[in-house]
Amino acid sequence: MSSYTWTDHTYDVVVVGAGGSGLRAALGAAQAGLRTACITKVFPTRSHTVAAQGGIAASLGNMSQDDWRWHMYDTVKGSDWLGDQDAIEYLVRNAPAAVYELEHWGMPFSRTEEGKIYQRAFGGMTKNFGEGPVQRTCAAADRTGHAMLHTLYGQCVREETEFFIEYLALDLIMDEDGVCRGVTAWKLDDGTLHRFRAQKTILATGGYGRAYFSCTSAHTCTGDGNAMVLRAGLPLQDMEFVQFHPTGIYGSGCLITEGARGEGGYLTNSEGERFMERYAPSAKDLASRDVVSRAMTMEIREGRGVGPEKDHIYLHLNHLSPEALHERLPGISETAKIFAGVDVTKEPIPVLPTVHYNMGGIPTNFHGEVLTKKGGDPDSVVPGLMAVGEAACVSVHGANRLGSNSLIDLVVFGRAAGLRCGTTTEAGARQPELTAKSTEAHVARFDKMRNAAGDQPVAKLRLEMQKAMQANCAVFRMGSVLKEGVDAIEEVYKKLPGIDVKDRTMVWNTDLIEALEFDNLICQAAVTVNSAANREESRGAHAREDFSERDDAKWMKHTLAWVDSAGKVTIDYRPVHEYTMSNEIEYIKPKARVY
């Protein structure tokens, strides 16, 4: 171990991840006069937020009347009542200001004739508490995430945030009292190891879609922050809720934005039927994502899929004018051409539901402070640790996220975390010295992985995990199938001691990077499949065929899951917040969720 030396850094705030939420949190902390570092394993503008297409939800009312209360109702209903209504109120009330802030920083939104921000229709977004579709999703053509990420990065540079680019975060530095004191990282281009000491550590590491075989996520989406939290002995929340996006390109999983349906696209089966009219008579193709994904899966199961194998569905945009496609959906037209060989002006796009988003993650309050269950307190704050974005579970999305609510989640709660740092952190305050003991385990894990010389290649183990998750924890779930998934992930865990890493070097060792990322994924796969097997009801994205109804009496609660080094999962619960943040809206009571 003595061959490894640490390079030490001290900051007021350290943000891990430079996607939308990480950049917004870093920007807020820097604006508050705090010395801020942002650690990222890819260049900031390559973070996965860059792939977000459709838009960002806010009740601006530019296309027709709108109201934050309507947005709140839609989000609560979308969450299948598992969302915390205080956090949801915080999100929707702060949404318009957060969008105007982006506009004032120069984000190039698409515009209406009058020069206002253009808003499109999106699944589950309605007017007047569910009456009919509303255009609420602010868009920059179909490259909204790209525009947002570049805008935020520019502002962070302006505020002199210090970036540590191409550093892979390893583990959280926790002291004996359970306070987070910072994070360790491996600098990929020169092989050095770094300790970042900070008063506040903000995890903004995104989702873990790559635990599955087919997903819309980049290969970097390995949920590194979630895994660091699990290794620190803290729980993750609601990990059984995994969103499948209805329209991933068949074969590659590349995303076709819901904005395509918002602009008038529709789905058909092998009989040419617009089948969504049967499943969601009022919302049709703009029903919530889990509803559309299940409808497509049922059509395929009943033999009405398209293609030689009858195993996918068609998405039609060919009835829209080439001018409209060029203006509103230029990226989609290009993606369909490259990945499906389809000219969208003439033929439909072959699509299939694909893993897209993780509703679960690190439990937080609406300030972004990480929570755990301690004693009898389900809302016990972990000092020094925060989380935002897809890595976090503030629980605004509950059991199912509405499309375009993710980008607004990033900026609203990224901003909230920055504000919280500003009010609870003293710039330049003295911090306790880091002892060698506090990071011994980090080096030991890194060294063990680097020198692993077994008979199990990382790629083989990763594929086993991904196929088990895809087959046993997908759109429709069954107790017996989930049990097979639990056993399959256990089998992968048993093979971990035999993992094989060929490259022993420290500089740009992609073999070791993939091993560490797989190590992060497998613990999340374990908590996901165990939590899914444990929840005996259907709610949002979690659809059990053996428990087809939502059961509020027994299951209106958040799942908390811990995992040990052998892959054994422990489950407990936290109550759902059945109260709002202010007196300006009442708690929205549960009812049947139909579109």
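Among residues two or more places apart in sequence or in another chain, the side chain to side chain donor-acceptor pair (under 3.5 Å) test is passed with Y212 by none. A search for side chain to side chain contact (heavy atoms under 4.5 Å, CB included) contacts involving V481 returns N472, M478, not counting sequence neighbours. Taking K373 as the reference, D572 meet the salt bridge (charged side-chain N to carboxylate O under 4.0 Å, His left out) condition, with sequence neighbours excluded. D285 is linked by a side chain to side chain donor-acceptor pair (under 3.5 Å) to nothing, counting only residues two or more places apart in sequence or in another chain. Applying the salt bridge (charged side-chain N to carboxylate O under 4.0 Å, His left out) criterion to E347, with sequence neighbours excluded, gives no partner residue. For K460, the salt bridge (charged side-chain N to carboxylate O under 4.0 Å, His left out) partners at least two apart in sequence or on another chain are E464. Not counting sequence neighbours, the partners of R294 by the salt bridge (charged side-chain N to carboxylate O under 4.0 Å, His left out) test are D290. The ring pair (Phe, Tyr, Trp, His ring centres under 6.0 Å) test applied to F413 returns Y90, not counting sequence neighbours. A search for side chain to side chain donor-acceptor pair (under 3.5 Å) contacts involving R274 returns nothing, not counting sequence neighbours.
Taking the side chain as every heavy atom from C-beta outward, Q243 and N358 never approach each other to under 4.5 Å.
For residues 350-362, the set of pairs meeting the salt bridge (charged side-chain N to carboxylate O under 4.0 Å, His left out) definition, not counting sequence neighbours, is empty. Every pair passing salt bridge (charged side-chain N to carboxylate O under 4.0 Å, His left out) that includes a residue from residues 523-535 is listed here, sequence neighbours excluded: E240-R535, R535-E537. Residues in residues 48-59 take part in no salt bridge (charged side-chain N to carboxylate O under 4.0 Å, His left out) pair, two or more places apart or across chains.
Relative to the six-membered ring of W555, K557 meets both conditions, a distance below 6.0 Å and an angle of at most 45° to the axis. Remark: R328 qualifies as a cation-pi partner of Y118 under the 6.0 Å distance and 45° angle criteria applied to the six-membered ring.
Remark: R477 does not engage D546 in a salt bridge, criterion side-chain N to carboxylate O under 4.0 Å. The pair R278-E273 meets the salt-bridge criterion, with a side-chain N (NZ, NE, NH1 or NH2) lying under 4.0 Å from an Asp/Glu carboxylate O. Between K337 and E334 there is no salt bridge, since none of the side-chain N atoms of the basic residue sits less than 4.0 Å from a carboxylate O of the acidic one. Ion pairing of D74 with K77 is absent here, as no side-chain N (NZ or NE/NH1/NH2) approaches a carboxylate O to less than 4.0 Å.
Side-chain contact of H356 with T216: a donor-acceptor pair under 3.5 Å is present, judged by distance alone. Donor-acceptor pairing under 3.5 Å is lacking for the side chains of D80 and H542. T345 and N318 share no donor-acceptor pair across their side chains, judged by distance under 3.5 Å alone. A donor-acceptor contact under 3.5 angstrom links the side chains of T268 and H316, judged on distance only. If you check the side chains of E299 and Y279, you find a donor sitting under 3.5 Å from an acceptor. For T126 and R136, the side-chain atoms include no donor-acceptor pair closer than 3.5 Å. Side chain to side chain, K127 and S59 fail the donor-acceptor criterion of an N or O pair below 3.5 Å.
Residues A18 and T40 approach most closely at CB-CB, 3.7 Å, considering heavy atoms.
Using bins of under 30°, 30° to 60° and over 60° for the plane-to-plane angle, the ring pair Y357/H397 lands in the perpendicular bin.
The side chain to side chain donor-acceptor pair (under 3.5 Å) test with R120 is passed by exactly one of E258, Q135, E263: E263. The side chain to side chain contact (heavy atoms under 4.5 Å, CB included) with T335 is formed by just one residue from the set C254, S252, P330; it is C254. Results of the side chain to side chain contact (heavy atoms under 4.5 Å, CB included) test with R231 over N520, N226, D564 single out N520 as the only residue that passes.
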